[in-house]
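Notes to accompany the following structure.
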Amino acid sequence: MTCNMTQRLISAYVDRELSEDERARVRQHLALCAECMAVYEMTLEVKTALGSMAPSPCPECLWENVRDRIEALPFQTELECAPRPSPLRAVWSFARLVVPAAVAGTIVAIPLVQMIFGVNVFGLAGPRQQPLASSSPPRLMITAPASEESSSTRYQAVRGVASGQTASMSSSSGLFGLDAAIRRNDKGSEGPSSPERQLDLLLRRMQDSSLTYTWIGGSTHE
Amino acid sequence: MVNQQALATTAQHLSKEAEFESLVLRYQNSVYNIALRMSGNPDEAQDLAQEAFVRAYRSFDSYRRGTSFDKWLYRIVTNLYIDEVRRRRRKPYIESLDERITMSGGDEVDREIPDLSHSPETVYDREHLDKCIQSALAELPPEFRMAVILCDIEGFSYEEIAQIMGTSIGTVRSRIHRGRRGLRERIAPCFPARSGEVRPT
């Protein structure tokens, strides 16, 4: 072991932080090298001198000053620590409740007005109008049935408006039909009869806010 | 109406403060002493120690009970002291010997300065040696200074120092080696008898 290597390990040797192997090699070198031995002794001297420095007493006012500063810190309760809802979040939670209800109300009101007062709100309905043209992009159509006898009125329950899904209206086959729902609700009784009964059932089911009911354009005769 | 939640929180706050006070009283001498050795200035040391405890209190909730409080505290102390000492640089503590000393009662008295300049014992005087070491410490980079202080004054092992300083044991070994080498060179004049024995390398 060279003097350079030994002197690099002397501090750790003094601190007893060397492995047994390193320690033995340093000890061996020190026994033969007066120069490194002098460095070792001086290192030991420095360590001893540092360790025996007279400790300065801590000022008595230390804790008092710390306590004053701690007490001046804002007092945090658990409620204050809880994340405050942001204004944006408040608007969103309000809208999440109100918007589906408003949409559902509107959707129910339009056919009601049409059916009770015989007013065609859109002025588009006709017995031969196809509710959804296959060439046009899917869109929501709300039309009144052309006539009593021709309408086998179809209601369609579209789940997912409240949860943000986009309901495809181009095909009704995969959607949850109200007719089926009514049949399920009225197990044991006969199927849907009059439009009034269907509306009554529809209104009852509207109480479930997670469902939005869309009435797709009336004429189904093909 | 009394808010039970607020009462519980207040009680928790008070018990936290009581627990923290007992820990401060237990460690304040050590924390202050490290600050004094790092800064070399009693006023600055007091500021540093206060700041360290306030920081510790702020993050006291993150301290896991049952683990070593002193390591957790000294880690805060180390980070703060190294940063602050480096930021403030070295502002040597200068105290005029002609300045009158204010006693605790408010009285002012003259400083008594014994003339020991011709006494050979002066060299080995404890106070003189401490000042010599202190000024030598001040010459070291803060990381080396802190490693040597933690090792020689506080008595931590290399592994503990590595945990406190957030470094590897190899880095600690290197810092202590280089720190002591710097101290050896600077303190040697304080040991005339000893320095004479050190042969040139």
Side-chain angles (χ1 to χ4, degrees), chain A residues 2-19 22 26 33-82, chain B residues 5-6 8-10 12-13 17 20-21 24-25 28-33 36-37 42 45-46 49-51 53-54 57-58 126-127 129-130 132-134 136-137 148-149 151-153 155 157-159 169 172-173 176-181 183-184 187-188 190-191 194-195 197-201:
Chain A
T2 63
C3 289
N4 197 17
M5 285 168 68
T6 306
Q7 288 180 22
R8 215 178 291 164
L9 295 177
I10 276 182
S11 263
Y13 180 80
V14 169
D15 293 327
R16 297 185 171 271
E17 292 277 356
L18 290 180
S19 66
E22 286 173 319
V26 170
C33 178
E35 178 192 322
C36 289
M37 190 64 186
V39 172
Y40 161 74
E41 285 175 353
M42 192 60 207
T43 304
L44 195 61
E45 198 92 56
V46 167
K47 183 177 172 66
T48 309
L50 273 163
S52 57
M53 280 176 92
S56 296
C58 168
E60 283 180 17
C61 58
L62 182 65
W63 165 243
E64 288 165 23
N65 292 343
V66 170
R67 189 188 55 208
D68 290 348
R69 286 184 60 185
I70 286 172
E71 284 173 357
L73 290 173
F75 181 72
Q76 290 187 326
T77 64
E78 279 188 29
L79 289 174
E80 283 172 346
C81 292
Chain B
Q5 177 84 15
T9 310
T10 307
Q12 206 175 8
H13 177 79
E17 193 175 311
F20 191 74
E21 178 182 357
V24 171
L25 295 177
Q28 61 179 359
N29 282 325
S30 172
V31 169
Y32 173 77
N33 216 34
L36 184 62
R37 298 306 166 211
Q46 195 172 343
Q50 276 179 30
E51 182 61 29
F53 280 123
V54 171
Y57 183 80
R58 276 182 175 155
R126 187 68 256 170
E127 197 178 342
L129 185 59
D130 281 3
C132 184
I133 296 169
Q134 187 61 61
L137 274 173
V148 170
I149 289 169
C151 181
D152 292 346
I153 298 180
S157 70
Y158 285 13
E159 189 180 352
I169 293 180
V172 171
R173 184 191 276 201
I176 290 176
H177 160 67
R178 294 166 72 181
R180 288 229 188 92
R181 190 175 62 190
L183 289 177
R184 272 201 316 261
I187 297 176
C190 301
F191 300 102
R194 186 53 76 185
S195 63
E197 291 174 17
V198 177
R199 292 160 205 169
T201 58

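Each chain gets a letter, A, B and so on, in the order the sequences are listed, and its residues count up from 1. Keep in mind the model is a prediction, meaning the values are calculated, not measured.
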Got A:Glu17 and B:Glu159 here, is their nearest side-chain heavy-atom distance under 4.5 Å?
->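 Side chain of A:Glu17 against side chain of B:Glu159, heavy atoms only: no contact under 4.5 Å found.
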
Region of [X] in contact with chain A, defined by heavy-atom distances below 4.5 Å:
X        : value
B:Ile176 : both
B:Ser157 : both
B:Cys132 : neither
B:Ile149 : neither
B:Asn33  : side chain

Working to the nearest 0.5 Å, report the span between [atom1] of [X] and [atom2] of [Y].
X        : Y        : atom1 : atom2 : answer
B:Tyr57  : A:Arg67  : OH    : CZ    : 12.0 Å
B:Tyr158 : A:Asp15  : OH    : CG    : 3.5 Å
B:Arg181 : A:Gln7   : CZ    : CD    : 9.5 Å
A:Asn65  : B:Gln46  : CG    : CD    : 6.0 Å
A:Lys47  : B:Arg180 : NZ    : CZ    : 5.0 Å

Just wondering, are more than 12 heavy atoms of other shown residues or ligands nearer than 6.0 Å to CZ in B:Arg178?
->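 No.
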
Give a yes or no on this: more than 12 heavy atoms of other residues, nucleotides or ligands lie within 6.0 Å of atom CZ of B:Arg58.
-> no

Proximity breakdown for A:Arg16 and chain B, heavy-atom pairs closer than 4.5 Å = neither

Distance-only side-chain donor-acceptor flag, B:Arg173 / A:Ser11, under 3.5 Å | no

Between the side chains of A:Trp63 and B:Gln28, does any donor sit under 3.5 Å from an acceptor?
->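 No pair is found: no donor N or O on one side chain lies under 3.5 Å from an acceptor on the other.
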
Of all residues at least two apart in sequence or in a different chain, which pass the ring pair (Phe, Tyr, Trp, His ring centres under 6.0 Å) check with A:Tyr40?
-> A:Tyr13

Flag, side chain of B:Gln50 to backbone of A:Val66, donor-acceptor distance under 3.5 Å = no

Enumerate, atom names and distances included, each donor-acceptor pair closer than 3.5 Å involving a side-chain atom of residues 48-60 of chain A, sequence neighbours excluded.
unit_1: A:Thr48; atom_1: OG1; unit_2: A:Leu44; atom_2: O; d: 2.7
unit_1: A:Ser52; atom_1: OG; unit_2: A:Thr48; atom_2: O; d: 2.7
unit_1: A:Ser52; atom_1: OG; unit_2: A:Ala49; atom_2: O; d: 3.3
unit_1: A:Ser52; atom_1: OG; unit_2: B:Arg126; atom_2: NH1; d: 3.2

Kindly indicate, with the supporting measurements, whether the criterion side chain to side chain contact (heavy atoms under 4.5 Å, CB included) is fulfilled by A:Ile70 and B:Phe53.
-> CA-CA 9 Å; A:Ile70 286 172; B:Phe53 280 123; over 6 Å; no

Under 4.0 Å between a Lys/Arg side-chain N and an Asp/Glu carboxylate O for B:Arg184 and A:Glu45?
-> no

